[in-house]
Amino acid sequence: MTISKGDSPQFALDRLDPNRITFAREWRGLTKKELAKSIKKTPSAISQIERGLISPDLETFISISFSLKVPPSFFIERSVSSKSIDMSTCHFRSLRSTSQAMRRQSARKGDLWIDLIEILGSKGVIFPEEQISNFQVSSESDDHIENIAIALRRHWKMGLGPIPNIVKLLESKGILVLPLHDAVEKVDAYSTWRGNQPCMFVSYQKSASRIRFDVSHELGHLAMHEDLVTGDAMAERQANRFAGAFLAPKESFLEECPRSWSYAAFARLKDRWKLSIQALLYRAKELGRISTSTHRRAMIQLSNAGMRKDEGDEWEKEKPVMVTQALELLKDQITLDELADKLSIYINDLRDILCQCVPMETLNKIDRRIDADSATIVRFRKMKHSI
């Protein structure tokens with residue numbers, strides 16, 4: 001990381017934004033009590049510093065920077081337009097088992113991703129325009145969800161067959177799909193809008209089939225629940241129904257779904273539709289193709305075979321590609337050090353963030369400085385996908 005005035009503790013302290021201390025603490029998953037203990041202060045002192053009621057002395061400020069593992073420049077006041085993700089708008093998977101601290105930590109990790117995307121945009125990369133806000137509808141009933149899923153497919157000019165790569169599809173529609181690096185325990189995924197940007201953040205510590213379902217679940221929230229209170233049980237149930245209907249539309253799915261339980265038949269169905277056998281069984285029961293007793297018997301058989309938690313080998317996990325493409329296009333214009341400087345984080349943290357979806361080969365390319373006389377505007381070619 002290059003040295004700048006922002007790396008001077010006194011320079012940063014003179015321009016301190018107390019909210020940035022809160023941000024860094026939440027990002028690191030620390031409570032005020034834990035931060036206070038690490039710098040030998042009281043929780044009350046940390047609370048007053050974060051609220052801007054008192055200003056830390058230089059020694060305390062350096063201790064905070066050291067404990068939170070960020071350079072002093074991280075705490076410098078940002079522009080008014082740089083806003084954090086609003087927790088009240090985030091639809092979290094597994095909300096009941098996820099603590100408020102875990103949700104905050106996940107949101108701050110999401111903020112860093114969006115900040116990075118904005119930096120890439122400022123360098124000339126133009127990402128696909130979002131195509132979800134002009135579709136958003138309110139769900140009236142669970143049965144209505146089937147129609148909404150089909151309507152979105154038609155809106156995006158898709159057919160009714162299996163989706164080869166759901167992440168690539170959403171990226172092409174201007175929806176940011178980004179990994180939760182070192183995903184917080186129990187946070188599977190969440191979605192939100194930051195400004196006019198639809199975003200979803202996904203844990204990749206799950207199976208390939210689970211990731212596809214989680215991504216589709218979050219798409220349901222973005223399409224249907226913009227004005228609905230997050231964490232609502234009905235909204236979560238509807239998002240699950242939407243995921244099944246979007247990934248396996250009723251009309252085309254029923255043409256292929258067997259009327260009785262057969263592991264071999266549902267395994268073939270899994271390879272084609274890229275849903276777990278358990279999700280396929282539930283979808284079949286949901287649509288009335290198999291009975292509740294047949295579903296129960298099949299689940300018992302999967303459980304006895306040890307397949308409830310792990311169904312064995314699956315296809316490669318579908319990871320985002322837009323950030324990789326952006327970095328490839330800018331490889332002659334920016335380095336990892338420069339990106340880390342702009343984010344005011346250490347380069348090791350930046351690498352930890354990026355390596356969740358960016359190949360090491362790409363990271364190594366931008367780890368070396370190649371001067372460019374002038375920046376060029378780079379546009380993504382329209383992502384093509386076969387549906």
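For the single chain, residues carry numbers from 1 onward in sequence order. Keep in mind it's a predicted model, so treat the numbers as computed, not measured.
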Pro164 backbone acceptor or donor facing Lys274 side chain under 3.5 Å: yes

Considering all heavy atoms, the nearest Ser252-Trp273 contact: OG-CH2, 3.5 Å

Between Ser216 and Ile166, the two heavy atoms sitting closest are OG-CG1, 3.9 Å

When every non-hydrogen atom of Val202 is compared with those of Ala189, the smallest separation belongs to CA-CB, 4.1 Å

Hey, is Glu50 close enough to Arg25 for a salt bridge, meaning N to O under 4.0 Å? yes

Ser8, Pro9, Ser344 screened by side-chain contact (heavy atoms from CB on, under 4.5 Å) with Ser73, the one that passes: Ser344

If you apply the rule salt bridge (charged side-chain N to carboxylate O under 4.0 Å, His left out), what do you find for Asp111 with Arg194, and how did you get there? CA-CA 9 Å; Asp111 279 322; Arg194 198 175 97 158; 3.2 Å; yes

salt_bridge(Arg108, Asp115) N-O dist < 4.0 Å: no

Do NZ/NE/NH1/NH2 and the carboxylate oxygens of Lys168 and Glu318 come within less than 4.0 Å? no

Pair Glu255 + Lys250: basic N to acidic O under 4.0 Å: no

Is the NZ or CZ atom of Arg153 both under 6.0 Å from the centre of the six-membered ring of Phe246 and within 45° of that ring's axis? yes

Between Glu236 and Asn240, a side-chain donor and acceptor under 3.5 Å: no

Can you tell me if NZ on Lys342 sees more than 12 non-hydrogen neighbours from other groups inside 6.0 Å? no

Electrostatic pair Arg78:Asp17 at N-O distance under 4.0 angstrom: no

Check the angle between the aromatic planes of His155 and Phe135 and answer parallel, tilted or perpendicular using the 30° and 60° thresholds. tilted

Of all heavy-atom pairs between Ile150 and Pro249, which one has the smallest distance, and what is that distance? CD1-CB, 3.6 Å

Evaluate the side-chain proximity of Thr324 to Pro359: yes if any heavy-atom separation is below 4.5 Å, no if none is. yes

Main-chain N/O of Ala208 paired with Glu314 side-chain donor or acceptor, under 3.5 Å: yes

So, do Arg351 and Leu363 sit near enough that their side-chain heavy atoms are less than 4.5 Å apart? yes

Do the side chains of Leu16 and Ile76 get nearer than 4.5 Å, heavy atoms only? no

Check the side chains of Gln197 and Glu130 for a donor-acceptor pair under 3.5 angstrom, ignoring hydrogens and angles. no

Distance-only donor-acceptor check, side chains Ser44 and Ser47, under 3.5 Å: no

Heavy-atom neighbours of Asp313 CG exceed 12 at 6.0 Å: no

Side chains of Gln238 and His225: is there a donor and an acceptor less than 3.5 Å apart? yes

Under 3.5 Å side-chain donor-acceptor pair for Thr60 and Asp57: yes

For the hydrophobic clusters of this structure (ILVMFWY residues joined by side-chain heavy atoms under 4.5 Å, transitively), does one cluster hold both Leu254 and Tyr282? no

Please say which of Arg210, Arg212, His217 ends up in a side-chain hydrogen bond (donor to acceptor under 3.5 Å, both in side chains) with Asp214. Arg210

Walk me through whether Leu339 and Leu327 qualify under side-chain contact (heavy atoms from CB on, under 4.5 Å). CA-CA 11 Å; Leu339 281 175; Leu327 293 175; 3.9 Å; yes

Do the numbers put Arg20 on top of the ring of Phe75, so that NZ or CZ is under 6.0 Å from the six-membered ring centre and no more than 45° off the axis? no

For the hydrophobic clusters of this structure (ILVMFWY residues joined by side-chain heavy atoms under 4.5 Å, transitively), does one cluster hold both Trp315 and Leu169? no

Output for pair (Lys331 NZ, Ile366 CD1), nearest 0.5 Å, gives 10.5 Å

Which atom pair, heavy atoms only, marks the closest approach of Ile132 to Ala223? CD1-CB, 3.9 Å

Interatomic distance, CG@Asp188 vs CZ@Phe213, rounded to 0.5 Å, equals 11.5 Å

Can you tell me if NZ on Lys285 sees more than 12 non-hydrogen neighbours from other groups inside 6.0 Å? yes

Quick check against the 3.5 Å criterion: does Ser65 have a side-chain atom that pairs as donor or acceptor with the backbone of Phe61? no

Scanning both residues in full, the closest heavy-atom pair of Phe266 with Pro258 reads CE1-CG, 3.4 Å

Side-chain heavy atoms of Ile114 within contact of Cys199, under 4.5 Å: yes

Are Ser209 and Ser276 linked by a side-chain donor-acceptor pair shorter than 3.5 Å? no

State, yes or no, whether a side-chain contact exists between Val125 and Met322 at a heavy-atom distance under 4.5 Å. no

Once rounded to the nearest 0.5 Å, what's the spacing between atom CZ of Arg308 and atom CE of Met299? 3.5 Å

Taking atom CZ of Phe201 and atom OG of Ser106, what is their separation to the nearest 0.5 Å? 10.0 Å

Answer yes or no: is there a donor N or O on one side and an acceptor on the other, between the side chain of Glu34 and the main chain of Thr31, under 3.5 Å? yes

Does a side-chain heavy-atom distance below 4.5 Å link Phe253 with Leu269? yes

pair Pro320-Pro179: side-chain heavy atoms closer than 4.5 Å: yes

In sequence, state the C-alpha distance, the side-chain angles, and the governing distance for Arg283 and Leu275, and then conclude on side-chain contact (heavy atoms from CB on, under 4.5 Å). CA-CA 10 Å; Arg283 183 73 174 142; Leu275 279 164; 5.8 Å; no

Hey, what do you get for CD (Glu338) to CG (Leu330), rounding to the nearest 0.5 Å? 11.0 Å

Cluster overlap Ile39 with Leu53, hydrophobic side-chain contacts below 4.5 Å: no

Short question: side chain of Ser38, backbone of Leu35 - any donor-acceptor pair under 3.5 Å? yes

Parallel under 30°, tilted from 30 to 60°, perpendicular over 60°: which one fits the rings of Tyr263 and Trp261? perpendicular

Atom pair NZ (Lys270) and CD (Glu311), whose distance is rounded to the nearest 0.5 Å: 4.0 Å

Is there a side-chain contact between Val323 and Leu178 (heavy atoms, below 4.5 Å)? yes

Are Met360 and Leu354 connected in the hydrophobic side-chain network, where two residues link if heavy atoms are under 4.5 Å apart? yes

Is a salt bridge present between Arg15 and Glu77, judged by a nitrogen-to-oxygen distance below 4.0 Å? no

Indicate if Phe66 and Val70 have the same hydrophobic cluster label, given that clusters are the connected sets of ILVMFWY residues with side-chain heavy-atom separations under 4.5 angstrom. no

Kindly check if the number of other-residue, nucleotide or ligand heavy atoms within 6.0 Å of CG (Asn196) is above 12? no

